Structures are given as structure tokens and as C-alpha cells.
Amino acid sequence: MAMASLAETRDNETGNHIRRTQRYVRALAERLSSEIGLNVESIELLYKSAPLHDIGKVGVPDAILFAPGRLSDDDMALMKKHTEYGRD
């Protein structure tokens, strides 16, 4: 949660998105648990790790992260790098 809070400090909407995504992940995991073989521990692990899905956005420049309107192709390419930043 400390790592997720770091992302939230840059943008309150990111914090709200993190919490919504966490709740959706739990709901989906619970709904699909019997179909895909998730046990209670796995569901809890998914729930706890879900807030980190966008942690790489801390590496995206503010001018792109907070740009109004549609991003240019170049800016979108930089925004998409948040997945790599998060992985790294």
C-alpha cells in the first residue's frame, strides 16, 4: 500500500483508480475462482497486489500524465512505457 500511495501523491484520481481497480480485481477473482481454480489465498494476493498495476506512472513526465485532451502518438508511446517502468 505504501508503493500505491506513492502513485496517489502525484494525482488524486490515480488513487481513486487504484482503489476501484483493487475492488474490481477481487470481485472478478471471486466470481471466477471456481472456474479457474483460485483459492482464498490467491484471491487475497491478487487483491493486495492490484494497487501496483499502475505504479510505473510515477516515471511518466507530468506534462504527459496530466495533459488535457487526447495525447499525440509520441506522447502516447511515452505513456505506454509506464508498464515497463512498473516492471523495472
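Note that the coordinates shown come from a computational prediction; the quantities given were computed from them, not determined experimentally. For the numbers below, each heavy atom of this structure counts, side chains included, while hydrogens, waters and symmetry mates do not.
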Student: Can you pull out every ring-ring contact (aromatic ring centres under 6.0 Å, His included) where at least one residue sits in residues 26-59? Sequence neighbours excluded, please.
Tutor: His17-His53

Student: Would you be so kind as to tabulate the donor-acceptor pairs closer than 3.5 Å made by side chains of residues 73-82, with sequence neighbours excluded?
Tutor:
unit_1 : atom_1 : unit_2 : atom_2 : d
His82  : ND1    : Met79  : O      : 2.9
His82  : NE2    : Asp54  : OD1    : 3.0

Student: Considering non-hydrogen atoms only, spot the tightest contact between Gln22 and Ala50 and give its length.
Tutor: CA-CB, 3.9 Å

Student: Only counting residues at least two apart or in another chain, list the ones meeting side chain to side chain donor-acceptor pair (under 3.5 Å) with Ser42.
Tutor: Asn39

Student: Once you round to the nearest 0.5 Å, how far does CG of Leu65 lie from CG of Leu71?
Tutor: 9.5 Å

Student: For a quick test of your reading: what N or O donor-acceptor pairs under 3.5 Å do the side chains of residues 29-36 make, sequence neighbours left out?
Tutor:
unit_1 : atom_1 : unit_2 : atom_2 : d
Arg31  : NH1    : Glu35  : OE2    : 3.4
Ser33  : OG     : Glu30  : O      : 3.0

Student: Hydrophobic clusters here meaning ILVMFWY residues chained together by side-chain heavy-atom distances under 4.5 Å, can you tell me if Leu28 and Leu38 are in one?
Tutor: no

Student: Tyr24: which residues meet the side chain to side chain contact (heavy atoms under 4.5 Å, CB included) condition with it, sequence neighbours left out?
Tutor: Arg20

Student: With a cutoff of under 4.5 Å between side-chain heavy atoms, which Ile, Leu, Val, Met, Phe, Trp and Tyr residues group with Leu45?
Tutor: none

Student: Is there a path of hydrophobic side-chain contacts, each under 4.5 Å between heavy atoms of I/L/V/M/F/W/Y residues, joining Leu52 to Leu46?
Tutor: no

